[in-house]
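Computed from a predicted structure; not experimentally measured.
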Amino acid sequence: MPELPEVETVMRGLEPAMMNKEIKHVQKRRPDLRIPFPENLEKALEGRAVQSLTRRAKYILVHFDSDDVLVIHLGMSGRVLIVSDDDYQPEKHDHLILTMNDGTHIVYNDPRRFGMVFLVSQDGMLSHKAFKDMGSEPLGNDFNAPILKERLKGKKTSIKQALLDQRVVCGLGNIYVCEALYEAGISPKALAGSISLPRLEILTRKIKDVLARAIKAGGSSLKDFRQADGELGYFQHSFLVYDREGHVCKGCKEEGYDKPCVKRIVQSGRSTFYCMRRQKR
DNA sequence: CTACCATCCTGGTTGC
DNA sequence: TGCAACCAGGATGGTA
């Protein structure tokens, strides 16, 4: 589930619990993750102090007073929780536990096990396959309409699918793509390569806008998502089309239309929600 | 090279 | 109520 706003929220939540603290103990609890934990994880992390936390796309990066960077991806159902209980008992899907020098546990939990945890070196990070071909950060200055236009040039796929492609722009997932396309008034079925620059101007603006608002709201909590302190995000209450099939969208309602306009279709196996009145091309 | 599809998992929801 | 089928926010690797 977690897309950029959720990952950013988790990262920010982890800062007070990890920054300038030392990892005292590393406990792996599942040897059979899809991508097994690095063998040398304990050795690389125990005794190291956390210098900073950053985010790239949907990856949380933990930087240490060493060359190692701990990379965490939450997949579909992953969480990272701060647990301060003295008598904390690991739960079923608590796969990795980092205990800090103040006794706080940082718990990585992921029922579906689509997530991953690995190490990269600070210097070699950009050549790692996860980051090598990754597109611009949508909230950064190098994500703008001309760049998006260039990235979409010649693409015959739909704009919905193109925006989910992390090489075009990173950090977006199904929810925020649907929301941004709605706000930009662009059909999810529009051919990616054939959208005009002015419309891409609107789209890039709406992408940045919806992401920023979602971060402010602490992300969206559907089923699994929690902030690092266990709190729910609340941006799900602001969805305009996502998971609102059969409703009248906000824009139509404001114009006085009362016929259900939000439709659900399936594009390359995933749900797309859009307004059939306002997103015609 | 692009595009499409299946697949990795568990758990919650839906429908009979 | 019980159970089976279906569905889910992501990424990747294989095939066409």
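- A parallel orientation is assigned to the rings of A:Phe118 and A:His128, their planes being inclined by less than 30° (bins at 30° and 60°).
- Comparing C:dC7 with B:dC5, their P atoms are spaced 16 Å from each other, to the whole Å.
- Geometrically, A:Arg34 engages A:Phe114 in a cation-pi contact, judged by NZ or CZ lying under 6.0 Å from the ring centre and within 45° of the ring axis.
- The side chain of A:His93 contributes no N or O atom lying less than 4.0 Å from OP1 or OP2 of B:dT10.
- Remark: A:Gln161 is in phosphate contact with B:dC4, judged by side-chain N or O atoms under 4.0 Å from OP1 or OP2.
- Between the C1' atom of B:dG11 and the CZ atom of A:Phe114 lies a distance of 12 Å, rounded to the nearest Å.
- The phosphate of C:dG13 (OP1 or OP2) has a side-chain N or O of A:Lys129 nearer than 4.0 angstrom.
- At C:dG9, none of the side-chain N or O atoms of A:Lys58 fall inside 4.0 Å of OP1 or OP2 (strictly under the cut-off).
- Look at A:Ser271 and you'll find a side-chain N or O under 4.0 angstrom from OP1 or OP2 of C:dA8.
- Taking atom CZ of residue A:Phe131 and atom P of nucleotide C:dA11, one finds them 11 Å apart after rounding to whole Å.
- Contact annotation: side chain of A:Arg112 to base of C:dA8, donor-acceptor pair present below 3.5 Å.
- Here the side chain of A:Tyr59 is nearest to one of C:dG10, B:dT10, C:dA11, namely C:dA11.
- When all heavy atoms of A:Asp102 and A:Lys21 are compared, the pair lying nearest together is OD2-NZ, 3.3 Å.
- Close to B:dA3, at under 4.0 Å from its OP1 or OP2, lies a side-chain N or O of A:Lys155.
- Taking atom OH of residue A:Tyr242 and atom P of nucleotide C:dG9, one finds them 4 Å apart after rounding to whole Å.
- Around the CE atom of A:Met100, the shell of radius 6.0 Å holds more than 12 heavy atoms that belong to other residues, nucleotides or ligands.
- Across the protein-nucleic acid pair, A:Arg270 atom CZ and C:dC7 atom C1' stand 11 Å apart, rounded to whole Å.
- Rounded to a whole angstrom, the distance from the P atom of C:dA11 to that of B:dG12 is 23 Å.
- Residue A:Arg34 is in base contact, counting any heavy-atom pair closer than 4.0 Å across all strands shown.
- Base pairing analysis places C:dC3 opposite B:dG15; the two distances defining the Watson-Crick or G-U wobble pair are each below 3.5 Å.
- For A:Pro111, counting side-chain heavy atoms from C-beta on, the closest listed nucleotide (C:dG10, C:dG9, B:dG11) is B:dG11.
- Atom CG of A:Asp133 is separated from atom P of B:dT2 by 10 Å (rounded to the nearest Å).
- For A:Ala130 and A:Asn174, each mapped to the nucleotide of DNA chain C holding its nearest heavy atom, the one lying further toward the 5' end belongs to A:Asn174.
- Contact between the side-chain N/O atoms of A:Arg113 and the OP1/OP2 oxygens of B:dT10 is found at a separation under 4.0 Å.
- As rounded to whole Å, 13 Å separates atom P of C:dG9 from atom CD of A:Glu179.
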Just do the ring-ring contact (aromatic ring centres under 6.0 Å, His included) check on A:Tyr274 and A:Tyr182 with the steps written out, would you?
CA-CA 6 Å; A:Tyr274 73 106; A:Tyr182 168 77; 9.9 Å; no

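- Under the Watson-Crick and G-U wobble criteria, each requiring two contacts below 3.5 Å, nucleotide B:dC8 is paired to C:dG10.
- Closest to the A:Thr157 side chain, of the nucleotides C:dG9, B:dG11, B:dA3, is B:dA3.
- Computed from coordinates, the A:Glu6 CD to C:dA8 P distance equals 17 Å when rounded to whole Å.
- With no hydrogens or angles considered, a side-chain donor-acceptor pair links A:Thr272 and A:Gln267 at under 3.5 Å.
- Along DNA chain C, the nucleotide closest to A:Arg264 and the one closest to A:Gln166 are compared, and the more 5′ of them pairs with A:Arg264.
- Nucleotide B:dC8 holds its P atom 16 Å from the CG atom of A:Leu33, rounded to whole Å.
- Of the candidates B:dA3, B:dT10, C:dG9, the closest approach to any side-chain atom of A:Leu222 belongs to C:dG9.
- Both tests hold for A:Arg277 against A:Tyr257: distance to the six-membered ring centre under 6.0 Å, angle to the ring axis within 45°.
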